[in-house]
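Data block below; observations after.
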Amino acid sequence: TDEAANHDEL
Amino acid sequence: MNIFRLAGDVCHLVAIIILLLKIWRSRSCAGISGKSQVLFAIVFTTRYLDLFTVFISPYNTIMKVVFLALSYATVYLIYMRFRNTFNSENDSFRLEFLLVPVIGLSFLENYAFTPLEILWTFSIFLESVAIMPQLFMITKTGEAESITTHYLFFLGLYRALYIANWVWRYHTEGFFDQIAVVSGVVQTIFYIDFFYLYVTKVLRGRGKMTLP
């Protein structure tokens with residue numbers, strides 16, 4: 001799933 | 001980036017600075033749970049391992065470094081600099097009750113079974129319960145200095161603002177991070193009774209918050 005790609009939140 | 005997330009990050013930063021200044025200026029960490037602060041340092045460490053591998057934005061990188069530095073500085077002050085003022089007998093929450101289920105869950109529920117992803121999931125789940133030792137200490141001592149309640153207020157507000165951020169991102173960009181959202185809601189729920197006490201006792205009473 002795309003969330004795993006890059007966690008852009010702190 | 002949206003206003004809710006920015007406000008949330010600012011609240012988070014304010015909370016950490018409030019606590020650090022309180023300990024530094026009063027040269028005491030009485031009433032502060034060192035265990036919670038250790039858990040927060042672990043949360044930041046396991047979440048920001050991608051600090052050197054993934055570049056999102058200057059803001060993202062700078063905030064990660066700031067959060068890591070301030071959280072370790074807080075732990076240092078509690079356990080090293082002012083350790084003689086640390087009342088460990090009140091800070092008696094059993095961390096294994098938090099760490100074991102959080103570690104287990106992060107292996108079961110994650111987006112990818114890779115070390116970085118499992119550690120990220122672990123940090124998300126751990127953050128939702130990391131404040132428990134502090135809340136437990138307050139119920140045990142039956143009171144909290146008003147500065148400590150301001151710290152908790154901003155800490156609770158930060159994740160509540162993140163929930164608004166997730167609602168906003170869902171409607172504007174279809175973004176939905178289920179693990180972060182579920183964990184963030186649980187985390188904010190833990191603060192609800194504190195928010196009630198904060199508004200009724202501290203803001204009106206202008207004094208210490210004594211639990212009923």
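The model shown is predicted, which means the values in this text are computed figures rather than measured ones. Computed over heavy atoms, backbone and side chain alike; hydrogens, waters and symmetry mates excluded.
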### Message
Using only non-hydrogen atoms and a strict under-4.5 angstrom cutoff, which residues of residues 27-43 of chain B touch chain A?
### Response
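Answer by number: none.
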
### Task
Could you please state which residues from residues 64-71 of chain B sit under 4.5 angstrom from chain A, measuring non-hydrogen atom to non-hydrogen atom, sorted by number, or 'none'?
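From residues 64-71 of chain B, the residues near chain A are B:Lys64, B:Phe67.
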
### Query
Strictly by modelled atom types, are A:Glu9 and B:Asn60 linked by a side-chain donor-acceptor pair under 3.5 Å?
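Result is no, nothing qualifies.
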
#### Entry: Shortest non-hydrogen contact from B:Tyr162 toward A:Leu10
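So the minimum-distance heavy-atom pair works out to OH-N, 3.5 Å.
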
### Query
Does any heavy atom of chain A fall under 4.5 Å from the side chain of B:Tyr48, the backbone, both, or neither of them?
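Only the side chain of B:Tyr48 comes within 4.5 Å of chain A.
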
### B:Asn110 versus chain A, the contacting section by heavy-atom distance below 4.5 Å
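Neither part; nothing is under 4.5 Å.
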
#### Entry: Euclidean distance, A:His7 NE2 relative to B:Glu117 CD, rounded to 0.5 Å
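Reported value, rounded in 0.5 Å steps: 3.5 Å.
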
### Task
Give a yes or no on this: more than 12 heavy atoms of other residues, nucleotides or ligands lie within 6.0 Å of atom OH of B:Tyr59.
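Counting other residues, nucleotides and ligands, OH of B:Tyr59 exceeds 12 neighbours.
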
